[in-house]
Undergrad: 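Shown below is the structure under consideration.
In listed order, ligands and their atoms are each counted from 1. Computed over heavy atoms, backbone and side chain alike; hydrogens, waters and symmetry mates excluded. No experiment lies behind these values; they were computed from the predicted model shown.
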Amino acid sequence: MAIKNFRQTVQTLPPNPGAEILRYGWLKPDTISLGQGEGCAPTPDFINLASHQAMMDGKTHYGPVLGQPALREEIIDYYKRIFDVDMGTNRVFITASGTTAMHLALSSILDKGDEVVAITPIWKNLLGAVQLTQAHTIQVPLDYNDQEWSLDLDKLFDSVTPKTKAILVVTPSNPTGWFMSKADMARVMEFARERNIWVVSDEVYNRTLYDAVKAPSFLEVAHEDDLLMTINSFSKSWAMTGWRLGWLTGPAFAEDVIRDVALYDNMCPPTFTQYGGIAALKDGEAFIAAQMAGWKKNRDTVYNRLNANPKIETYRSVSTFYSFFKVKGENDSLALAKRLIDEGSLSLAPGCAFGNSVQEWMRLCFAVSEDKLNEALDRLEKVIK
Ligand SMILES: Cc1ncc(COP(=O)(O)O)c(C=O)c1O
């Protein structure tokens, strides 16, 4: 049916191939879905209990627009403990998900016609969020050589024009697992500072490194009043995807602006879930470490099997719970994703969902049981043999 009577911007939003494939896979009941970005572990009990207790204590009303002061303070402690970063609570804004944090950040800074320079491949929702503001994205692809992704900073800086309002980066990156070094972050921040443009850094995966406790954060290199927003979420590292709880950091002078925009957006984040968030940050380190140990095993299983297959090009991811690979001779990832569902009952995310430069790649989320993972790999190998 023709789409009409909506904003032109909405009517012309391109389809999201990742979401399309997920829906296609759901139509086939025996499909194994490794196409969505979430672990199979349930939220740990200590987090559930804290939230339940908050409900029983009557924390079921509206709360402050920017979140419960106790959670804002807990996040400050968390940054001090894990990143050695000192911040005031007026720089942390609680949101109903990382996705909401992303919309708040982008809709607060972008006007129609602005340009955003985005490092790709990138989680498609960020591109959609930019599009909703009627700004344009300039994609700057990472380079892939010898099983490694890298960023050419000159290429990034050369893409900035007088119309550029923000540099957008996901670090660590969904889908590649690449992350920006602290030294590069310092250079990007300095470059942005000189030009008075924003850096928006999605750091949702910054606790998913396999060889370190955390990935660098832009907060470690930024000045207090830099034009920097970082996006974060409880979804991945604390197994809380269904909770819809995240946070945004910004300079202190952004607090009033974000409060105004958030008020019109959602009034306030859900109240009792935030108490689960406090417990997650306070007592969640053992859970994160155990989850990473399991994911590391799975990462190696996937890498070893895919890398042994002469038809597949891949690498060992340094972070996140994604394997990213391409199949020789398969240049259309959407077509391959459909074929995997049709012929193998396996749903994976097509690379075309992550930007122009990775049309022939596929993303597999390996945060599942070993049995499910091995069954999925069997199915993949059967279809592409
Ligand atoms: C890079 C990135 N940012 C944000 C999100 C969304 O986080 P949330 O579940 O908090 O909305 C995702 C989810 O896949 C993601 O990959």
Undergrad: Applying a strict 4.0 Å limit to heavy atoms, is K236 in contact with ligand 1?
TA: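 Checking ligand 1 against K236, which is what was asked, there is a heavy-atom contact under 4.0 Å.
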Undergrad: Is there a donor-acceptor pair closer than 3.5 Å between any side-chain N or O of W149 and the backbone N or O of W178?
TA: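 The answer is no, because no donor-acceptor pair under 3.5 Å joins these two groups.
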Undergrad: Cation-pi check, K236 to Y205: give yes when NZ or CZ is under 6.0 Å from the six-membered ring centre and within 45° of the ring axis, no otherwise.
TA: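 Checked: cation-pi criterion not met.
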Undergrad: Any carboxylate oxygen within less than 4.0 angstrom of a Lys/Arg side-chain nitrogen, looking at D256 and R259?
TA: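 Salt bridge: yes.
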Undergrad: Within a distance under 4.0 Å of any heavy atom of S233, pick out the atoms of ligand 1 and give their elements.
TA: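 Listed by number with element, the hits are 7 (O), 8 (P), 10 (O).
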Undergrad: Is the closest basic N to carboxylate O distance between D225 and R193 below 4.0 Å?
TA: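 Answer for the salt bridge query: no.
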Undergrad: Give the contacting part of M102 toward ligand 1: side chain, backbone, both or neither, where contact means a heavy-atom distance below 4.0 Å.
TA: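 Neither part.
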Undergrad: Which of parallel (below 30°), tilted (30 to 60°) and perpendicular (above 60°) describes W198 and F253?
TA: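 Aromatic pair W198/F253 classed tilted.
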Undergrad: Hey, are R379 and E375 close enough for a salt bridge, meaning a charged N less than 4.0 Å from a carboxylate O?
TA: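 E375 and R379: salt-bridged.
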Undergrad: Tell me: protein heavy atom nearest atom 1 (C) of ligand 1, and distance?
TA: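 For atom 1 (C) of ligand 1, the nearest protein heavy atom comes out as D202 OD2, 3.2 Å.
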Undergrad: As an exercise, identify every atom of ligand 1 less than 4.0 angstrom from a heavy atom of V170.
TA: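 Counting atoms of ligand 1 from 1, those under 4.0 Å from V170 are 1 (C).
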Undergrad: Say whether G98, considering both its backbone and side-chain N or O atoms, lies within less than 3.5 Å of an N or O atom on ligand 1.
TA: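 So ligand 1 has an N or O lying under 3.5 Å from an N or O of G98.
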Undergrad: Can you confirm, on distance only, whether ligand 1 has an N/O atom lying under 3.5 Å from any N/O atom belonging to T241?
TA: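 Looking only at distances, the answer is no, because the N/O contact criterion of under 3.5 Å is not met.
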Undergrad: With a heavy-atom distance limit of 4.0 Å, tell me whether F234 approaches ligand 1 through its side chain, its backbone, both, or neither.
TA: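 For F234, there is no contact with ligand 1 at all, from either part.
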Undergrad: Does ligand 1 have a heavy atom under 4.0 Å from the side chain of T99, from its backbone, from both, or from neither?
TA: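 Within the 4.0 Å criterion, T99 contacts ligand 1 through backbone and side-chain atoms alike.
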Undergrad: Determine, using heavy atoms of Q36 and all atoms of ligand 1, whether some pair is separated by less than 4.0 Å.
TA: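 No, that is not the case, since the closest heavy atom of the residue is not under 4.0 Å from the ligand.
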Undergrad: If you measure every N/O of Y322 against every N/O of ligand 1, is any gap under 3.5 Å?
TA: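 No; every N/O pair is 3.5 Å or more apart.
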Undergrad: Counting only heavy atoms closer than 4.0 Å, does ligand 1 sit against the backbone of S97, its side chain, both, or neither?
TA: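 The answer is both, backbone and side chain.
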Undergrad: Identify the heavy atoms of I94 and Q274 that sit nearest to each other, and give their distance.
TA: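 In terms of heavy atoms, the two residues are closest at CG2-OE1, 3.7 Å.
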Undergrad: If you measure from the Lys or Arg side-chain nitrogens to the Asp or Glu carboxylate oxygens, is any gap between R91 and D86 under 4.0 Å?
TA: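 No salt bridge links R91 with D86.
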